[in-house]
Each structure stands twice: as structure tokens, then as C-alpha cells.
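This report refers to the structure that appears directly beneath it.
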Amino acid sequence: MNERNSSIAQAGSAGTRFRAALAAERPLQVIGTINAYHARMAQRVGYRAIYLSGGGVAAGSLGVPDLGISGLDDVLTDVRRITDVCPLPLLVDVDTGFGASAHNIARTVKSLIKFGAAAMHMEDQVGAKRCGHRPNKELVSQQEMVDRVKAAADAKTDPAFVVMARTDALAVEGLQATIDRACACVEAGADMIFPEAITELAMYRKFTDAVKVPILANITEFGKTPLYTVQELASAGVAMVLYPLSAFRAMNAAALRVYQAVRKDGTQKGVLELMQTRDELYDFLEYHAYERKLDELFARDKKTK
């Protein structure tokens with residue numbers, strides 16, 4: 001870990017660092033990082049917080065759709081890989097909590113903290129959940145979601161760890177019922193609220209006025225929510241802006257073009273402009289610093305022989 005990483009890591013727990021990032025930047029841009037290398041890139045670019053998408057774990061790590069197929073261990077594997085190399089506070093999507101009981105949710109919270117995550121969001125869909133921007137979502141009752149939040153808040157071994165309640169109720173129950181669910185989750189111990197698939201900017205203002213805790217806007221591409229700018233969302237009182245899979249979508253599109261070109265042309269010469277160079281790859285990895293360390297160690301071994 002370089003000196004900059006070390007100083008960030010020593011600035012308190014991951015949860016504390018997430019809250020500090022939110023205090024330092026409003027709205028806080030939270031960028032999706034599908035793997036550890038992307039986390040390093042996000043840090044270099046200047047982001048203060050990063051995100052691991054549940055749909056991203058399903059698609060990117062498992063090659064399956066975001067339909068509640070992935071589990072806690074799948075997510076923890078990617079969490080550990082990211083937090084091992086990047087000290088930025090990591091917000092993690094835990095779907096519905098990875099289990100039906102309070103004990104399952106408690107295990108999820110304790111495991112995330114142990115693996116270095118800063119925050120999590122948990123939703124009010126049934127266990128066989130769907131992507132938040134797909135139709136035909138089914139919700140649990142408000143009381144069951146409140147119980148999920150209580151279990152999560154009670155399980156925190158780091159008081160600063162952020163429990164964010166996501167509600168998918170807008171498309172199912174309407175705006176006021178969704179706000180009511182959010183308020184009930186705050187009363188139950190949710191630190192922040194994530195209203196999913198919002199369709200109008202003014203709706204965010206209604207949430208911020210009602211719940212009195214930080215609100216996250218999910219600005220995912222090709223979904224129900226328009227691609228509002230940071231400035232527009234700030235005007236509505238939004239505290240965090242999430243871009244869950246932007247880089248992943250771009251990466252996939254570029255990869256497909258490369259696969260098609262190599263197969264069709266028998267060479268990659270025509271798609272080199274899509275590629276990161278070897279030097280750029282090494283730069284983000286601090287490759288040469290690792291190499292110098294090896295050289296120093298080998299030189300020391302030779303002197304002792």
C-alpha cells in the first residue's frame with residue numbers, strides 16, 4: 001500500500017470514511033467498480049467513494065442475471081478483493097439481505113464489516129428479487145422491511161457502518177406509500193434512504209423533505225430514472241449520486257467489439273484504439289514499484305550469500 005493509501009486507511013473505520021466523504025462532497029458521487037482494478041482506477045481519478053453492484057456481481061462474476069441467484073459468499077469474495085487494494089469507502093448492494101431471518105441479515109452485516117465494506121443497501125423486495133428497473137416487482141410488507149432494517153442496525157459491530165434502506169415501492173404502491181416506507185425504515189434505524197426507479201426530479205425533493213436523512217439517487221443508464229446531472233440532483237436535495245454499472249457497460253461494449261473484430265479479421269489491429277496500453281495498465285497497478293521491490297530483495301539475497 002502506498003503512502004496515500006495508508007493515510008486514507010488510517011482515517012478511521014470504513015463506515016467513518018464513508019460518512020466523511022459524504023460530509024466533504026455534496027452530492028457525493030459513488031461510482032461502480034466491478035472489480036479491484038476498477039477500484040484503483042476510480043481512486044486515481046479522484047472519487048471519494050465506490051460501489052459494488054449486486055447485478056454486477058451476478059453478471060460480471062457469475063455470468064447470471066440479477067434475479068436473486070447470487071449469495072453472500074459471492075459478494076464477499078468481490079468485496080474482499082476490492083477492499084484489499086483500495087481504501088476508498090465501499091457501498092455494497094446486498095439485495096434483500098441474503099436470507100429470510102434476522103440472523104441471516106445479521107450475518108451479512110457482520111461479514112461486510114469484517115471484509116472492509118463501509119456501507120450496504122438492502123431492499124424491500126421478496127427474496128426472488130428483480131432488477132429495480134424491471135416490471136413486476138413484488139414487495140414484502142412494510143413491517144417485514146422494518147424488521148429487516150432493525151436486524152441490520154442491531155448487528156452493526158462498527159457504529160459508523162452505514163445501513164441504507166432501499167425501497168422499490170414507487171412502481172408498485174405509488175409515491176406516498178414509498179415515502180411512508182422510507183420514513184418507517186428511518187425510525188427502525190436506517191441511516192440513509194435509496195428510493196429506486198424515481199421518474200421525476202421533484203420526487204427526490206419530497207423524499208428529502210420527508211425522511212430527514214441522506215438520500216441516494218441511482219442514475220443508472222437505460223432505466224426508469226432520467227440521467228440527471230449532479231447539479232440538478234443537488235437542487236433537489238439529493239446527498240449521493242450512484243452510477244452502478246457505467247464503466248462495466250462500456251467495458252462490455254468494447255470487449256464485444258474486440259471479440260468480433262478478432263474473429264472476423266484474424267487480427268486485433270483494427271481495434272487497438274479501444275484498448276488500454278500496457279504502460280497505462282502498469283501505471284494503475286504501480287507495477288514498476290512492485291518490480292523495484294523485488295529487485296531490492298533479490299539484491300539483498302545475493303549480498304548475503
Side-chain angles (χ1 to χ4, degrees), residues 18 21-35 38-39 41-43 45-60 66 82 88-95 118-125 129-135 137 162 164-172 175 178-179 182 190-211 213-253:
F18 188 86
L22 183 57
E25 179 178 304
R26 285 290 184 109
L28 175 65
Q29 288 185 301
V30 185
I31 196 74
T33 52
I34 195 69
N35 54 39
H38 281 203
M41 294 179 74
Q43 182 186 358
V45 169
Y47 287 96
R48 297 176 186 267
I50 54 177
Y51 176 69
L52 182 63
S53 159
V57 171
D66 182 22
I82 290 170
L88 291 180
L90 176 67
L91 169 63
V92 180
D93 178 0
V94 301
D95 291 347
M120 67 173 226
H121 69 72
M122 178 174 57
E123 66 208 46
D124 56 1
Q125 291 194 51
K129 54 80 50 86
R130 296 172 184 259
C131 168
H133 292 256
R134 294 289 299 158
K137 295 181 289 187
V162 172
M164 185 183 297
R166 170 179 141 178
T167 176
D168 287 69
L170 179 63
V172 181
L175 179 60
T178 308
I179 292 173
D191 300 296
M192 304 177 189
I193 293 294
F194 172 177
E196 178 63 300
I198 297 298
T199 56
E200 299 174 17
L201 190 64
M203 291 180 177
Y204 287 118
R205 173 56 69 184
K206 292 182 179 180
F207 273 95
T208 59
D209 290 343
V211 302
V213 299
I215 298 295
L216 178 143
N218 181 18
I219 307 302
T220 185
E221 303 81 16
F222 316 112
K224 300 293 185 182
T225 305
L227 300 183
Y228 296 120
T229 67
V230 168
Q231 292 76 20
E232 288 171 326
L233 292 164
S235 72
V238 168
M240 295 157 285
V241 187
L242 178 65
Y243 311 89
L245 292 169
S246 304
F248 180 58
R249 296 186 205 282
M251 180 174 70
N252 291 344

Please tell me if the side chains of Leu216 and Val238 come closer than 4.5 Å, counting only heavy atoms from C-beta onward.
no

Is the backbone N or O of Tyr47 less than 3.5 Å from a side-chain atom of Gln43, with the two atoms forming a donor-acceptor pair by type?
no

Does any part of the side chain of Phe207, heavy atoms only, come nearer than 4.5 Å to the side chain of Thr178, both counted from C-beta?
yes

Look up atom CG in Leu91 and atom CG in Leu88, then write down how far apart they are to the nearest 0.5 Å.
12.5 Å

Within a radius of less than 6.0 Å around NZ of Lys137, do more than 12 heavy atoms belonging to other residues, nucleotides or ligands occur?
yes

State, yes or no, whether a side-chain contact exists between Glu123 and Thr167 at a heavy-atom distance under 4.5 Å.
no

Determine, step by step, whether Thr33 and Leu52 satisfy the side chain to side chain contact (heavy atoms under 4.5 Å, CB included) criterion, reporting the C-alpha distance in whole Å, the side-chain angles of both residues, the deciding distance to 0.1 Å, and the verdict.
CA-CA 6 Å; Thr33 52; Leu52 182 63; 5.7 Å; no

Say whether, by atom type as modelled, one donor and one acceptor occur between the side chain of Glu232 and the main chain of Thr229 under 3.5 angstrom.
yes

Any side-chain heavy-atom pair from Met192 and Leu22 closer than 4.5 angstrom?
yes

So, do Ile215 and Met240 sit near enough that their side-chain heavy atoms are less than 4.5 Å apart?
no

Tell me whether Arg205 contacts the main-chain N or O of Ser235 through its side chain, where contact means a donor paired with an acceptor under 3.5 Å.
yes

Any side-chain heavy atom of Met251 sitting closer than 4.5 Å to one from Ile34?
yes

Establish, yes or no, whether a centroid distance under 6.0 Å links the rings of His38 and Tyr51.
no

Between Val172 and Asp168, is a side chain to side chain contact (heavy atoms under 4.5 Å, CB included) present by the stated rule, with each step listed?
CA-CA 8 Å; Val172 181; Asp168 287 69; over 6 Å; no

Looking only at side-chain N and O atoms, does Ser53 offer a donor or acceptor that is under 3.5 Å from a partner on Asp93?
no

Asp191 vs Met164 side-chain heavy atoms within contact, under 4.5 Å:
no

Shortest non-hydrogen contact from Thr208 to Ala236?
OG1-O, 3.4 Å

Report all side-chain donor-acceptor pairs from residues 194-204 shorter than 3.5 Å, counting only partners two or more places apart or in another chain.
residue, atom, partner, partner atom, Å
Glu196, OE1, His133, NE2, 3.1
Glu196, OE1, Asn218, ND2, 3.2
Glu196, OE2, Asn218, ND2, 3.2

For a side chain to side chain contact (heavy atoms under 4.5 Å, CB included) check, start with the C-alpha distance between Met122 and Asp95, then their side-chain angles and the critical distance, and finish with the verdict.
CA-CA 5 Å; Met122 178 174 57; Asp95 291 347; over 6 Å; no

Quick check: closest heavy atoms across Ile31 and Ala42, and the distance to 0.1 Å?
CG2-CB, 3.7 Å

Does a side chain donor of either Glu221 or Ser246 reach within less than 3.5 Å of an acceptor in the other side chain?
yes

Could you tell me which non-hydrogen atom of Val211 sits nearest to which non-hydrogen atom of Ala182, and how far apart they are?
CG1-CB, 3.7 Å

Flag the pair Asp124 / Lys129 as yes when at least one side-chain heavy-atom distance between them is below 4.5 Å, and no otherwise.
no

Run the side chain to side chain contact (heavy atoms under 4.5 Å, CB included) check on Leu28 and Arg48 step by step: do they pass?
CA-CA 8 Å; Leu28 175 65; Arg48 297 176 186 267; 3.8 Å; yes

